[in-house]
Amino acid sequence: MSNKTKKILSIIFLAIPSFMLLVSGIMKITGAEQVVTALAKAGLGSYITAFGIAEVIFVILLWIPKTYKVGFYFILSYLGGAASIELAEGNNPIAFGLIALAWIGFFLKSEENFIV
């Protein structure tokens, strides 16, 4: 696979979870009714705005070239928590799919990330 192809695929695979988190973060910051209801049901109602701000910051960090690794690890940690809440509530664990896409994109961005 050529470097150009890897770069394009990396952007696509990282853009999907980034877009989802960005939309989710904006919905949390603006207080969208669906999000507020769901998080209040999970007992996290007082943290909704903080979660939204964190999601937006994590996405920004991911797309800054010097901080993409930090952003990636923050996003993985956040999505891991989201996946555990989804499983605890009996919902479909969409966060696991986003984690997989992020890992694929991270690998394609630079295989050196996996060399110790």
Side-chain angles (χ1 to χ4, degrees):
M1 185 178 317
S2 72
N3 284 337
K4 184 177 180 181
T5 305
K6 285 182 183 180
K7 184 175 181 177
I8 292 169
L9 287 174
S10 170
I11 290 170
I12 291 169
F13 280 112
L14 289 173
I16 294 169
S18 295
F19 178 74
M20 297 290 285
L21 283 171
L22 195 59
V23 169
S24 172
I26 291 169
M27 289 176 70
K28 287 178 177 103
I29 292 169
T30 60
E33 186 178 336
Q34 294 171 317
V35 176
V36 171
T37 305
L39 288 175
K41 180 182 171 188
L44 301 170
S46 60
Y47 301 106
I48 294 172
T49 305
F51 287 151
I53 293 169
E55 287 179 17
V56 172
I57 290 172
F58 298 161
V59 170
I60 291 169
L61 287 173
L62 179 67
W63 290 100
I64 297 173
K66 289 188 177 188
T67 61
Y68 80 94
K69 288 182 183 180
V70 173
F72 171 73
Y73 292 125
F74 278 143
I75 286 174
L76 285 185
S77 300
Y78 184 83
L79 288 175
S84 66
I85 290 173
E86 289 172 346
L87 287 174
E89 292 182 348
N91 297 331
N92 292 330
I94 296 168
F96 284 127
L98 297 177
I99 290 171
L101 291 173
W103 270 112
I104 293 167
F106 188 67
F107 176 76
L108 292 172
K109 184 172 182 85
S110 177
E111 293 177 17
E112 295 173 359
N113 292 326
F114 293 87
I115 298 173
V116 180

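Just so we're clear, the structure is a prediction, and the values are computed from it rather than from any experiment.
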State, to 0.1 Å, how close [X] and [Y] come at their nearest heavy-atom pair, and which atoms those are.
X: Met1; Y: Leu9; answer: SD-CD1, 3.8 Å
X: Ser18; Y: Leu62; answer: OG-CD2, 3.3 Å
X: Leu87; Y: Phe96; answer: CD1-CE1, 3.6 Å
X: Gly105; Y: Ser10; answer: O-OG, 3.0 Å

With a 3.5 Å distance limit and no angle check, can you tell me whether [X] reaches the backbone of [Y] through a side-chain donor-acceptor pair?
X: Thr49; Y: Ile29; result: no
X: Ser77; Y: Tyr73; result: yes
X: Thr67; Y: Leu61; result: yes

Item to check | ring-ring contact (aromatic ring centres under 6.0 Å, His included) assessment of Trp103 paired with Phe13 | outcome: CA-CA 8 Å; Trp103 270 112; Phe13 280 112; over 10 Å; no
Using a 3.5 Å cut-off and no angle test, enumerate the donor-acceptor pairs between side-chain atoms of residues 30-38 and protein atoms at least two apart in sequence or in another chain.
| unit_1 | atom_1 | unit_2 | atom_2 | d |
| --- | --- | --- | --- | --- |
| Thr30 | OG1 | Ile26 | O | 2.9 |
| Thr30 | OG1 | Met27 | O | 3.3 |
| Thr37 | OG1 | Glu33 | O | 2.8 |

Side chains of [X] and [Y], heavy atoms from C-beta outward: is any pair under 4.5 Å?
X: Leu108; Y: Lys7; result: no
X: Met20; Y: Leu98; result: yes
X: Leu14; Y: Trp63; result: yes
X: Asn92; Y: Glu86; result: no

Hey, what do you get for [atom1] ([X]) to [atom2] ([Y]), rounding to the nearest 0.5 Å?
X: Ile104; Y: Ile16; atom1: CD1; atom2: CD1; value: 9.5 Å
X: Lys69; Y: Phe74; atom1: NZ; atom2: CZ; value: 15.0 Å
X: Ile53; Y: Lys28; atom1: CD1; atom2: NZ; value: 12.0 Å
X: Phe58; Y: Phe51; atom1: CZ; atom2: CZ; value: 10.0 Å

Next on the checklist: If the condition is side chain to side chain contact (heavy atoms under 4.5 Å, CB included), which residues does Ser110 pass it with, not counting sequence neighbours?
Outcome noted: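 Listed in chain order: Tyr68, Glu112, Asn113.
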Checklist entry - Considering residues at least two apart in sequence or located in another chain, which fulfil the side chain to side chain contact (heavy atoms under 4.5 Å, CB included) criterion with Ser2? => result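 Lys4, Thr5.
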Checklist entry - Under the side chain to side chain contact (heavy atoms under 4.5 Å, CB included) criterion, do Phe19 and Val59 qualify, and how do the steps go? => result CA-CA 8 Å; Phe19 178 74; Val59 170; over 6 Å; no
